[in-house]
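All values reported here derive from a predicted model rather than from experimental measurement. For the numbers below, each heavy atom of this structure counts, side chains included, while hydrogens, waters and symmetry mates do not.
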Amino acid sequence: MNFSYGRLFERNLGIFSFREQERIRRSRVLIVGCGGIGGTVAVMLARAGVEGFTLVDFDVYSPTNMNRQVGCFDHTLGLSKARVIGDMILRINPEARVDVHDRLLSHEEIARLMEDADLVFPAADDFAFSLFVFRDARRLRKPALLVVPSGTWAHTSLILPGGPPPETIEGVPALSSYEELRDTMEIRKFKLGTYFYTVLGNWRIGYYRDFVEGEARLAQICPTVWASSALGALEVLKHLSGRWPPVASPRYWEITRDRIAVRKVNDLSLQTLLVWQRRIMWGLFHTPLAPLQEKLQSIWWNAYCRWGSFRERKRETAGPAGEGNREYGDRFCRNLGILKPKEQEKIRKTRVLIVGDSGTGETLAVLLARCGFERFLLTGDGTYEEGDMNRQIGCFTGTVGRRKLEVVEETLRSINPTVRVETRRGNPAPEEMDGLVSSADLVVPAVDDLPYSVLLFRSARRCGKTALLCMPSGTMGWVSMFPPRGPSLEKMLGIPDTDLGVLRNVMKTAEYRCAQYHYITEGDWRVDWFSDYFRGKRPLPLLCPVEWLLVSLGALEAMKYASGRWEPLSAPRCWRMKNGRISVSRFSRFISWHRRLGFVLFGSERGIRSHKLTHLFWKHLFRFLKSRQKQLGKKEGLVSPSSR
């Protein structure tokens with residue numbers, strides 16, 4: 001089959017112009033480290049249309065990578081991470097130009113590879129090594145991406161030439177020798193300066209104690225790793241396309257389990273206090289006060305560990321996660337840096353119903369499997385098409401034409417062989433919903449048909465089940481949990497309490513689609529694409545980093561709900577993405593009331609006939625804006641990617 005770039009990445013053009021997509025296509029990204037964050041960013045950029053990659057990683061996949069690394073499956077264990085990710089990129093876009101270096105390179109060799117790169121992403125497990133790659137990028141005036149996840153906490157920023165370096169954001173000493181910095185970051189007294197991992201990253205005290213003593217590695221979970229990687233990939237696309245200014249140092253994204261916000265170096269925040277504490281502590285280690293400082297630190301640390309361990313023992317009532325199944329424990333042991341064994345076992349036993357095989361549904365299923373969920377009921381009847389390549393996690397050149405559920409089931413079993421997956425061809429009829437929903441612990445409506453999704457949310461409410469909303473569109477979207485006794489989806493989105501037929505008839509009218517013009521203002525849709533969508537000629541534009549970011553947050557809320565560790569984010573509160581910025585907010589009352597007004601005006605044939613003037617206004621407005629965009633495009637010499 002001949003795969004056309006234009007068809008593979010067409011949905012991107014609802015957001016990017018042809019010229020912007022061409023800039024993305026022609027870019028080359030150097031990624032040093034293809035593990036949790038490096039591999040995930042590489043795949044997202046490939047699905048966004050980037051064609052040039054230089055991948056560097058000497059490591060191979062091991063079972064402990066399974067809980068978060070995009071290329072880790074049963075059949076890739078023991079294989080080179082760089083080569084597996086390179087192969088995935090070529091199966092996404094056969095025209096991609098991928099150079100793979102699967103051996104340990106020196107900083108001098110990596111610096112030579114930077115000469116042909118438009119952007120550098122240091123993502124090695126050895127953070128000291130990455131810091132010196134950042135320094136070479138700075139010397140060569142190359143933009144570089146910073147992504148640092150730990151537990152439920154992470155930082156993401158674009159480091160532009162001339163901006164503050166990563167050391168300024170992280171409070172790490174700027175030593176002149178890599179070996180000295182590496183050895184310093186491994187010593188016990190310096191590791192104690194990262195104690196805030198137990199506060200911001202929700203590390204368990206016992207696991208953190210093992211980390212300080214050198215007996216454990218960083219605690220990481222899939223939702224945080226993928227959410228921070230998605231934000232990083234989005235910032236890269238901003239920079240490469242020139243469409244928006246990226247979040248660049250001294251600004252950075254700070255991610256926690258209940259907040260994502262843009263911070264600034266040395267602003268008034270807890271992070272600034274922690275950074276300065278680390279700097280002062282490091283300074284004292286090089287003065288005559290060092291022995292006293294280390295002794296006081298040791299006394300404080302021992303007291304902190306005793307208190308934390310006492311709290312954890314008091315609450316711990318279950319054996320290890322996956323008791324009796326060593327393989328499960330090996331694959332998801334990194335989760336236990338954050339979750340207690342009892343909480344991980346709850347996740348394992350939670351039964352998830354995902355109705356629909358859209359990009360949201362299939363990606364969420366894979367993320368939940370990497371979180372340790374083991375019981376799935378999946379429905380759908382879709383097959384992969386070329387247009388799914390820009391975002392759908394199971395879509396590759398070798399799976400186009402195959403049933404989505406078949407591919408997803410294979411993927412889940414290659415993550416966890418003991419997973420229990422039931423698949424059902426087609427989605428349930430309205431009269432069958434309650435029976436299916438009653439058999440699950442968590443319900444995820446993941447169909448492209450919004451009226452049908454409304455029925456699923458109603459069924460979950462009737463059956464006393466919690467439902468998860470994950471709705472991306474352009475650079476906007478919502479994620480929230482809907483418990484049975486909370487506000488309804490209809491109230492949050494301004495949808496009337498009417499039957500499926502009426503909902504579908506109204507929502508497919510051009511007049512009602514006019515009420516969704518916020519897709520242009522908040523979702524960054526291009527006007528000509530929305531004009532075609534308004535006429536029913538185009539689908540929703542979707543971008544991989546945006547969809548995977550929202551799905552990652554959905555997986556995080558599912559982990560909160562299943563484990564009982566934290567209170568999930570429930571309606572009327574939500575993760576809300578607007579113009580490519582994500583924050584904890586409330587569902588927009590303006591959008592809700594605006595849609596309700598749309599139903600009042602266009603909720604019947606009489607209403608539609610009575611408001612043809614509205615339709616006429618939008619028709620001519622879009623025609624004017626579309627012709628204006630074409631004129632600007634001709635002046636700039638824009639060329640369609642599909643015509644190359």
Checklist entry - For the side chain of Trp575 and the backbone of Gly554, is there at least one donor-acceptor N/O pair under 3.5 Å apart? => result no
Item to check | Within-4.5 Å side-chain heavy-atom neighbours: Ser157 and Ile159 | outcome: yes
Item to check | Distance-only donor-acceptor check, side chains Tyr561 and Glu567, under 3.5 Å | outcome: no
Checklist entry - Counting distance only, does the side-chain N/O of Ser473 pair as donor-acceptor with the main-chain N or O of Met476 below 3.5 Å? => result no
Checklist entry - Thr475 and Asn579: side-chain donor and acceptor closer than 3.5 Å? => result no
Next on the checklist: Checking the side chain of Ser4 only, and the main-chain atoms of Gly6 only, is there a donor and an acceptor separated by less than 3.5 Å?
Outcome noted: yes
Item to check | N-O pairing of Asp532 and Arg538 below 4.0 Å | outcome: yes
Checklist outcome for this item: When every non-hydrogen atom of Leu569 is compared with those of Cys574, the smallest separation belongs to CD2-C, 3.3 Å
Checklist entry - Short question: side chain of Ser480, backbone of Arg573 - any donor-acceptor pair under 3.5 Å? => result yes
Checklist entry - Regarding Thr350 and Asp441, is there a side-chain donor-to-acceptor distance under 3.5 Å anywhere? => result no
Item to check | Steps toward salt bridge (charged side-chain N to carboxylate O under 4.0 Å, His left out) verdict (Lys560, Glu557) | outcome: CA-CA 5 Å; Lys560 292 179 184 179; Glu557 296 307 314; 3.0 Å; yes
Checklist entry - Would the Phe16 and Trp244 ring centres measure less than 6.0 Å apart? => result yes
Next on the checklist: Is it the case that the side chain of Asp497 and the backbone of Glu490 share a donor-acceptor pair, with hydrogens and angles ignored and the cut-off at 3.5 Å?
Outcome noted: no
Item to check | Where Cys222 and Cys371 come nearest, the two heavy atoms and their spacing | outcome: CB-SG, 4.3 Å
Checklist entry - If we only count heavy atoms from C-beta on, is the Asn390 to Leu8 side-chain gap below 4.5 Å? => result no
Next on the checklist: Looking at Arg243 and His239, would you say the former's side chain and the latter's main chain have a donor-acceptor pair under 3.5 Å?
Outcome noted: no
Item to check | Over all atoms of both residues, closest heavy-atom pair of Thr224 and Ala154 | outcome: CG2-CB, 4.1 Å
Checklist entry - Parallel, tilted or perpendicular for Tyr519 and Phe530, by the 30°/60° rule? => result perpendicular
Checklist entry - What orientation do Trp548 and Trp226 show, parallel under 30°, tilted 30 to 60°, or perpendicular over 60°? => result parallel
Checklist entry - Is there a donor-acceptor contact under 3.5 Å from the side chain of Arg461 to the main chain of Gly486? => result yes
Next on the checklist: Could you tell me if Glu362 and Tyr384 have a donor-acceptor pair between their side chains, going purely by distance under 3.5 Å?
Outcome noted: yes
Item to check | Side-chain (Asn12) to main-chain (Ala48) donor-acceptor, under 3.5 angstrom | outcome: yes
Item to check | Non-hydrogen side-chain atoms of Arg581 and Trp253 separated by less than 4.5 Å | outcome: yes
Checklist entry - Between Arg263 and Ile169, is any pair of side-chain heavy atoms under 4.5 Å apart? => result no
Next on the checklist: When you measure from the centre of the six-membered ring of Phe18, is the NZ or CZ of Arg25 closer than 6.0 Å and no more than 45° off the axis?
Outcome noted: no
Item to check | Any side-chain heavy-atom pair of Val407 and Phe396 under 4.5 Å | outcome: no
Checklist entry - Heavy-atom distance under 4.5 Å between the side chains of Ile89 and Glu51, does that happen here? => result no
Item to check | Student check: side-chain heavy atoms of Tyr252 and Val265 closer than 4.5 Å | outcome: yes
Item to check | Sole candidate of Thr363, Leu542, Thr360 that passes side chain to side chain contact (heavy atoms under 4.5 Å, CB included) when paired with Arg391 | outcome: Leu542
Next on the checklist: I'd like to know if the side chain of Ser585 reaches the main chain of Arg576, judged simply by a donor and an acceptor atom lying under 3.5 Å from each other, with no hydrogens or angles considered.
Outcome noted: no
Checklist entry - Taking Val352 as the fixed residue, which of Leu377, Val443, Val444 is the one that meets the side chain to side chain contact (heavy atoms under 4.5 Å, CB included) rule? => result Val444
Next on the checklist: Donor-acceptor check, side chain of Arg11 to backbone of Leu540, threshold 3.5 angstrom: yes or no?
Outcome noted: yes
Checklist entry - Is the closest side-chain heavy-atom distance between Pro428 and Tyr452 below 4.5 Å? => result yes
Checklist entry - Quick check: are there more than 12 heavy atoms from other residues, nucleotides or ligands sitting under 6.0 Å from CG of Asp449? => result yes
